[in-house]
Protein chains: 2
Amino acid sequence: MRSYKQFCALAKALDVIGDRWTLLIVRELLIRASCRYTDLRTGLPGIPTNLLVDRLRELEHAGLIVREEAPPPIATALFRLTGRGRDLEPALQALGHWGAPLLGKATGKDAFRTHWLKLPLEHHLCDKMPGRPPITIELRAGDEPMTLETVEGRVQARPGAARAPDAVLIGSPQLVLAVLTAKLSLNDAKAAGLRYEGDPAILLRVQVVSASQATNRRRPATQTVRSTR
Amino acid sequence: MRSYKQFCALAKALDVIGDRWTLLIVRELLIRASCRYTDLRTGLPGIPTNLLVDRLRELEHAGLIVREEAPPPIATALFRLTGRGRDLEPALQALGHWGAPLLGKATGKDAFRTHWLKLPLEHHLCDKMPGRPPITIELRAGDEPMTLETVEGRVQARPGAARAPDAVLIGSPQLVLAVLTAKLSLNDAKAAGLRYEGDPAILLRVQVVSASQATNRRRPATQTVRSTR
DNA sequence: CGGCATCCACAGTGATACTG
DNA sequence: CAGTATCACTGTGGATGCCG
């Protein structure tokens, strides 16, 4: 990408990550921590292979990722974020938060990968009863199942099915997301085609509060405005 | 911009603001609140005129800005952000925060506009002695002076010189920024060419604490800004 | 002068085919 | 599997022209 040649932190950031596809590659690596080339391709439907290679080289050169040559069990190179790359997470979350309303008018023709839910869900959901025994919720909304688990008051998401889930949500990504973020009540979602197995109280325990504000984030000493009211 | 066609909030956000120059236009409107076409051009050195027009139309179509036709005193159209547009500020701040370290290796050939300092400074600085009488600091680092004023524990920046500043910083953008964000001590900065007029204690009152973390943010959800006094 | 529209050379992108 | 190579196309940047 051409540089904007402006002495401005935002412009400098865009000089590095403003290229098409770049932030989506970072998204994949934030979700997976360690990706093979093929993982990236399947997580980035639509990217031309030459662009993926170009971007990986640029990201490596910019110090946001490293390519590691095959630890013995695997016969391929792995890509992972450096600390500097992981530092982009707050910016990605902010952009994702801003973009969330745009998911409403999704055409249904959009590609979807279940693991894309990981960042927004871990960011917005939290365990409201951290004292109780942990729970497990399985989501089936796309190419593969995803499991939510409560851990120390937070909610962690990982790809794969759960062994003995306390609840299971089955439906379109739109519906599953709308229910978890409380934009839709469970009953409304059921009416719209969602299938729910398990005690409805399970859902309430992690469901986001006001559909817009929540705090699941670790976040150092000084915290921003807390929405008490 | 072509859509990524992914059911992902980040991808949807990039569909809207991922185009080249778009976020920099939003930056200008966050700084100025109301811009003429010419203000945008001078605030965006390097942008081709046709691209500016294209982007303004796209932004208007996407509902991030509105163009208002000339309130009588002025004989031109004005552009301003909608609420949806202003909602991008956290994302811009996050990206700017991430990009800040890149300003270190600036070539000196970069363009600079003093008003670009407004967002980062208001975000990072705060008044550590909000009980004391307010103070005023004038910065001279680029095309025009900029004035910092303490208001209710926060620091506000506005373009223009101060009438009776308690301190004046004169030097390159790099130096002025490094001193205010405490990446450089006042003495080191002076040695590097900064000129400082006034009591050094004035600077300490607003200078950022740890060079990385600070909280100056407004945002109790009630209202945005009533900038014009 | 402010606010564009037009033209053109070229770099970046996207789709597909090919290879070690 | 992990890329390279090719090529049509589109978006960008730079210049310049127009008009009230």
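Numbers restart at 1 for each chain; the letters A, B, ... are given by sequence-line order, proteins then strands.
Applying the 4.0 Å criterion to OP1 and OP2 of D:dG3, one finds that A:Arg67 has a side-chain N or O inside that range.
The number of heavy atoms from other shown groups lying within 6.0 Å of CZ (A:Arg195) does not exceed 12.
Spacing between atom NZ of A:Lys5 and atom C1' of D:dT12 amounts to 14 Å, rounded to whole angstrom units. A straight line from CZ of B:Arg57 to C1' of C:dC4 spans 8 Å, rounded to a whole angstrom. One can place CD of B:Glu60 at 10 Å from P of C:dC4, the figure rounded to the nearest angstrom. Rounding to whole angstrom units, CZ of residue A:Arg36 and P of D:dA2 are separated by 6 Å. The nearest whole Å value for the distance from the CG atom in A:Leu40 to the C1' atom in D:dA2 is 11 Å. A:Leu78 has its CG atom 11 Å from the P atom of D:dG3, to the nearest Å. Protein atom CZ of B:Phe79 is 6 Å distant from nucleotide atom P of C:dC4, rounded to whole Å. Regarding A:Glu69, its CD atom lies at a distance of 13 Å from the C1' atom of D:dG3, rounded to whole Å.
Between B:Gly85 and B:Val26 the shortest heavy-atom distance is O-CG1, 4.4 Å. What you find for B:Arg27 and B:Gly43 is that their closest heavy atoms are NH2-O, 3.1 Å.
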Which letter, B, S or -, goes with each nucleotide of nucleotides 9-20 of chain C from 5' to 3', with contact meaning a protein heavy atom under 4.0 Å? ----SBBBB---
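Under a cutoff of 6.0 Å and an axis angle of 45°, B:Arg20 and A:Tyr4 form a cation-pi pair.
Side-chain contact check for B:Glu28 and B:Trp116: at least one donor-acceptor pair (N or O, by modelled atom type) lies under 3.5 Å.
A salt bridge does not link A:Arg86 with A:Glu89: none of the charged nitrogens is closer than 4.0 Å to a carboxylate oxygen.
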